[in-house]
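To start, the structure under review is shown below, and the notes come after it.
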Amino acid sequence: MEAVAVIVALMFAVFVALGVIAVVRSVRAVKRGVDRTVTQARRTVEDTRLKAKQYVQPGAPGEVAELRLSLRTSMRATQEALRAAAPDDPSLSEALALFKRLSTHGQEIDADLKRLEAEPDKARVAGSLPELRERVERVTHSADSLRWAAQDRARQFADDDLALLGEQIRMEAGALRHWTTEEEPHAAPTGAGAGARTPGAGSTGGGAEGPEAATTAGAEPERPAITARDAWRQPGYSWQKTRRPESTT
């Protein structure tokens, strides 16, 4: 009885441990989902605010908002493009590493623009804009170059695969039409030589050309190019209904 009690206690402890692990994993998954949702919501709110400020506030404040929006849009698009293509193309690992370093500079520029956005001195804002504009253009150009290269690489792979697939399909279609490449049987020779008789054939007279001559001189029966199989003997496919022979009930 003590052994049974120990086994039951161990099983209970195992079940409790498994339940705790499942609950912890579920909580972590929910937390990650909530964090992603909150981050995306904040990003959407910030982009909407920058777009509104870009059109509502003219001059330096509107230009700062435009620079921030351009930087954030370019960096986000490149990040999504690289992350989407990386699982299928291990060669993009170096591009991801370079983009990570580029993201550090982008975040620094975005922080400078955000501080400049809250700067009350308009003269200082106008004086800092040329240098920040140049830095934004350099970062966005680099990000766009990475994104376009990854997209061109994926498109080239797709074109190569499509071309290879088309060639394989062409070869398979030719193999399925094998009867078109088979040599047709030659016709029996005609002319004077075909109508000549062998020596001694004239002594037998017309009676010799009876059934025996008809069977020997007759043309070979024509063979069909493709011999069709019984439909009920063909292997079926998932989208076809099974046909039974007429003899079955």
Under a single-linkage definition using a 4.5 Å side-chain heavy-atom cutoff for Ile, Leu, Val, Met, Phe, Trp and Tyr, are Leu92 and Leu102 assigned to the same hydrophobic cluster?
no

Among all residues two or more places apart in sequence or in another chain, which pass the side chain to side chain donor-acceptor pair (under 3.5 Å) test with Glu66?
none

Val14 side chain near Leu18 side chain, heavy-atom distance below 4.5 Å:
yes

In the hydrophobic cluster built from side-chain contacts under 4.5 Å, what are the other members alongside Trp148?
none

Could you check whether any side-chain heavy atom of Phe157 comes within less than 4.5 Å of a side-chain heavy atom of Asp89, counting everything from C-beta outward?
yes

Give a yes or no on whether the backbone of Glu137 and the side-chain of Thr140 come within a donor-acceptor separation of less than 3.5 Å.
yes

Among all residues two or more places apart in sequence or in another chain, which pass the side chain to side chain donor-acceptor pair (under 3.5 Å) test with Arg135?
Asp112

Counting only N and O atoms by type, is there a donor-acceptor contact under 3.5 Å from the side chain of Ser93 to the main-chain atoms of Pro90?
yes

Where do Ser74 and Asp144 come nearest, in terms of heavy atoms and distance?
OG-OD1, 2.8 Å

Treating Ile, Leu, Val, Met, Phe, Trp and Tyr as nodes and any side-chain heavy-atom pair under 4.5 angstrom as an edge, say whether Leu69 and Leu113 lie in one connected cluster.
no

To the nearest 0.5 Å, what is the distance between CG on Leu98 and NZ on Lys100?
12.0 Å

For Arg83 and Glu80: C-alpha separation, side-chain torsions, deciding distance, then whether salt bridge (charged side-chain N to carboxylate O under 4.0 Å, His left out) applies.
CA-CA 5 Å; Arg83 286 183 177 179; Glu80 293 176 355; over 6 Å; no

Side chain to side chain contact (heavy atoms under 4.5 Å, CB included) between Leu82 and Arg147: does it pass, once the steps are laid out?
CA-CA 7 Å; Leu82 292 178; Arg147 182 176 69 257; over 6 Å; no

For Gln156 and Asp152: C-alpha separation, side-chain torsions, deciding distance, then whether side chain to side chain donor-acceptor pair (under 3.5 Å) applies.
CA-CA 6 Å; Gln156 184 63 40; Asp152 292 342; over 6 Å; no

Please name the residue in the list Thr73, Leu71, Thr78 that meets the side-chain contact (heavy atoms from CB on, under 4.5 Å) test with Met75.
Leu71

Euclidean distance, Leu116 CG relative to Ile109 CD1, rounded to 0.5 Å
13.0 Å

The test is side chain to side chain contact (heavy atoms under 4.5 Å, CB included); show your working for Val136 and Asp110 and say whether it passes.
CA-CA 9 Å; Val136 169; Asp110 186 67; over 6 Å; no

OG (Ser91) and CZ (Arg153) are apart, to the nearest 0.5 Å, by 4.5 Å

Starting at CZ of Arg155, measure out to CG of Leu162 and round the result to the nearest 0.5 Å.
14.0 Å

I would like to know whether His141 and Arg138 meet side chain to side chain contact (heavy atoms under 4.5 Å, CB included); could you show each step before the answer?
CA-CA 5 Å; His141 177 73; Arg138 291 170 60 186; 5.9 Å; no

